[in-house]
Participant: 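This is the structure I have questions about; it appears just below.
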Number of protein chains: 2
Amino acid sequence: MVGMELRHLRYFVAVAEKLSFTAAAEALGVAQPPLSQQIRDLETEIGTCLLERTTRRVSLTQAGQDFLVRAKAILHSAQDASERAHAIGCGSVGVLNVGLTGSMLAGPLGKLIHKFQETFAGVDIQIHEMSPDKQIAALKSGQTDISFLRTPPQDPDLMSELAWSEGITVVLPKGHGIVSDSVTLSLLKDEKFVFLRLRDSLFAKHILQCCIGSGFYPTISQQAVEAASLTSLVAAGFGVALIPEFVAKLAHANVTYRPVVSPILSADVYALYHLRSGPMARNFLALMRSDAERLAAELRLG
Amino acid sequence: MVGMELRHLRYFVAVAEKLSFTAAAEALGVAQPPLSQQIRDLETEIGTCLLERTTRRVSLTQAGQDFLVRAKAILHSAQDASERAHAIGCGSVGVLNVGLTGSMLAGPLGKLIHKFQETFAGVDIQIHEMSPDKQIAALKSGQTDISFLRTPPQDPDLMSELAWSEGITVVLPKGHGIVSDSVTLSLLKDEKFVFLRLRDSLFAKHILQCCIGSGFYPTISQQAVEAASLTSLVAAGFGVALIPEFVAKLAHANVTYRPVVSPILSADVYALYHLRSGPMARNFLALMRSDAERLAAELRLG
DNA sequence: GCCATTAAGAGCTTCTCCGTATGAATGGTG
DNA sequence: CACCATTCATACGGAGAAGCTCTTAATGGC
């Protein structure tokens, strides 16, 4: 005999619980002789009798009683391990680490995460707020599974996919001279601007390029780290700011918002994931894609 | 595939720990192609990939990492269950319930139990003091595995075996007229006797028969339940007593002991055990037999 | 670009697990 | 008391699975 197998345990447990070889054989869907043979093999392997049998009665030895408990536990563990691995393989169990910047949750991501948690109740979503460069490093090291950025990096290990597009909104201090419902970028060329810190924020660089594209280099009066701070700085009189549409959802009493209608600016958000990202990230992306219509509709509504 | 087997787990753990099919195959003593096949079968059975493999590198998926931990635990449990059952089957692990009367430990039984505990360190000996009839009931119900009595009962389920023989000692109150080093039973025919309660004690009945056999019916002044009480009653002046030799080891200041030399009386102690007693009881009996010479020598020395 | 290494596939062999037929033992019943 | 029914063990043959050898495809290093 080369070794004990789970089949031996399954057979033994059946016999031990029925206290009958014939009844156990029927329950197992095998004939009685091979069952007897397998039990015999098991006893030989272990080196002790597990069952006392006469032709009329089957009973457990002390060793058999102890082994029965353990065999059942082992079979249960095996079943559990199999189901668990399957669930992890399907992405329906585990921890999904999501990297994002603090200002990202104001957009559609919140609803997406909520929907994902409803669909995959076994998955625990951990949100990690971090700066864009940290996000990329975390993705590459495996600390996070998926990340949301406004500008995807060039990296052969990382895949990027457009998650959603937002319009860009200008934030004006209350009582500002511009009163039209919408503005053009060039209209703002003489304003002072509040920017996110150009060193850190790819989004800020993008806005800067848009301004240059509209024929002016913006005067930057102040730089901030957190996107939510921009609105407060505008309210404090430091100038105006260009922010992603959904960040403007965070209403502020002392400012007014105006959509930018020319040029048509977009603040794209990309989902980033590793080439060998797990099934949970794939599920998240799949849900995101299937949810694209809802996001698009929400975008049209503003 | 009919079901997962421990073989699959053994193979998977080998591959997962070596991160190489060829190295794992060599370690397992099988060829590489069947190993690949078995892993593939396992993945099909579970319903998810456990290993990511290229022709140059093997790595674990998340599901594989989780499954590896559980598979190792299962294999360990199986090994442990097997070894444990073997140990119980050998009688080297478990609880041995010994029934005896309180006065029995004064003899060679103490040393025997001590020696058994040294030999079978995994066995926990539980001593149950109870009256003879309770001992028999306990044996038959399985509450005890082995019991020590001075007269074996007639019962088809119970086996008895002579454990040891003691001489019989007469206990005299200090200053008693008999001063010779040894006495004959008939010399005591006019004494008052302290007996164990005849209703309970088979030993007392035996002594009574011996007296009758020596031509007199003893005058019983008092009956006791505990053998150790006999000596105290003699010291208190209730008469003389006939007790097993080893009980006389419990010295008492106000009495003297004299061996009975005629007739040669013996107080036999029998080991009782159930027909289907476990291996621990068998081991105990085997040790008792192999120890018989030592006991006999001790008996000769008195 | 070639070679070494590694995993996977094909075909065949061996082993073992299982089913049928049969035997032996025991407990109940007429 | 003998018979019968039930139950477990044994014997043997066949189907299927596991394993081995040979070979192929793919990848990383030189």
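So that the names make sense, note that chain A is the first sequence line, chain B the second, and so on, each numbered from 1. What you are looking at is a predicted structure, and each value in this text was computed from that prediction instead of being measured.
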Participant: Of B:I127, B:V123, B:D124, which is the lone residue that meets side chain to side chain contact (heavy atoms under 4.5 Å, CB included) with B:L96?
Facilitator: B:V123

Participant: If you go through the side-chain atoms of B:Q37, does one of them form a donor-acceptor pair with the base of C:dA8 closer than 3.5 Å?
Facilitator: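 Side chain to base: no pair below 3.5 Å.
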
Participant: Please confirm whether the backbone N or O of A:R40 pairs with a side-chain atom of A:T44, one donor and one acceptor, at under 3.5 Å?
Facilitator: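 Here the side-chain-to-backbone pair exists.
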
Participant: May I ask you to say whether B:K18 pairs ionically with B:E26, meaning some side-chain N is under 4.0 Å from a carboxylate O?
Facilitator: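 The answer is no: the pair does not qualify as a salt bridge.
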
Participant: Quickly work out the A:I39 CD1 to D:dT7 P distance and round it to whole Å.
Facilitator: 17 Å

Participant: Less than 4.0 angstrom between a side-chain N/O of A:S36 and OP1 or OP2 of D:dC8, yes or no?
Facilitator: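 So the side-chain polar atoms of A:S36 never come under 4.0 Å of the phosphate oxygens OP1 or OP2 of D:dC8.
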
Participant: Run the numbers on B:K134 and B:E129 for salt bridge (Lys or Arg N to Asp or Glu O under 4.0 Å), then give the verdict.
Facilitator: CA-CA 9 Å; B:K134 289 270 173 58; B:E129 291 188 48; over 6 Å; no

Participant: How close do A:N283 and A:C90 get, counting heavy atoms only, and between which atoms?
Facilitator: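 Here A:N283 and A:C90 meet closest at ND2-O, 2.8 Å.
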
Participant: Take the protein atom CD of B:E52 and the nucleotide atom P of C:dA7, then report the distance between them rounded to whole Å.
Facilitator: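 Value for this atom pair: 14 Å.
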
Participant: What N/O pairs connect the protein and nucleotides 16-18 of chain C at under 3.5 Å? Give each pair on its own line.
Facilitator:
| residue | atom | partner | partner atom | Å |
| --- | --- | --- | --- | --- |
| C:dC17 | OP2 | A:Q38 | NE2 | 3.3 |
| C:dC18 | OP1 | A:Y11 | OH | 2.6 |

Participant: Does any part of the side chain of B:H206, heavy atoms only, come nearer than 4.5 Å to the side chain of B:D268, both counted from C-beta?
Facilitator: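 No; the side chains remain at least 4.5 Å from each other.
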
Participant: Can you confirm whether A:F284 sits close enough to A:I113 that some side-chain heavy atom of one is under 4.5 Å from a side-chain heavy atom of the other?
Facilitator: yes

Participant: Starting at atom CD of B:E43, determine the distance to atom C1' of C:dA8, rounded to an integer number of angstrom.
Facilitator: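 Between C1' of C:dA8 and CD of B:E43: 13 Å.
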
Participant: In whole angstroms, how far is the P atom of D:dA18 from the CZ atom of B:R40?
Facilitator: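 In whole Å, D:dA18 P and B:R40 CZ are 14 Å from each other.
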
Participant: Run the side-chain hydrogen bond (donor to acceptor under 3.5 Å, both in side chains) test on A:D66 and A:Q62 for me, step by step, so that the C-alpha distance in whole Å, both residues' side-chain angles and the decisive distance to 0.1 Å come before the verdict.
Facilitator: CA-CA 6 Å; A:D66 183 274; A:Q62 288 186 348; over 6 Å; no

Participant: The side chain of B:T22 is closest to which nucleotide in this list: D:dT7, C:dT6, C:dT20?
Facilitator: C:dT6

Participant: Please state how far atom CZ in A:F21 lies from atom P in C:dA25, giving the value in whole angstrom units.
Facilitator: 17 Å

Participant: List the steps, then state whether side-chain hydrogen bond (donor to acceptor under 3.5 Å, both in side chains) holds for A:H128 with A:N97.
Facilitator: CA-CA 7 Å; A:H128 303 266; A:N97 291 286; 2.7 Å; yes

Participant: Distance check needed: D:dA18 P versus B:Q32 CD, whole Å only.
Facilitator: 16 Å

Participant: Using a strict heavy-atom distance below 4.0 Å, which residues from residues 53-67 of chain B are in contact with DNA chain C?
Facilitator: B:R53, B:T54, B:T55, B:R56, B:V58

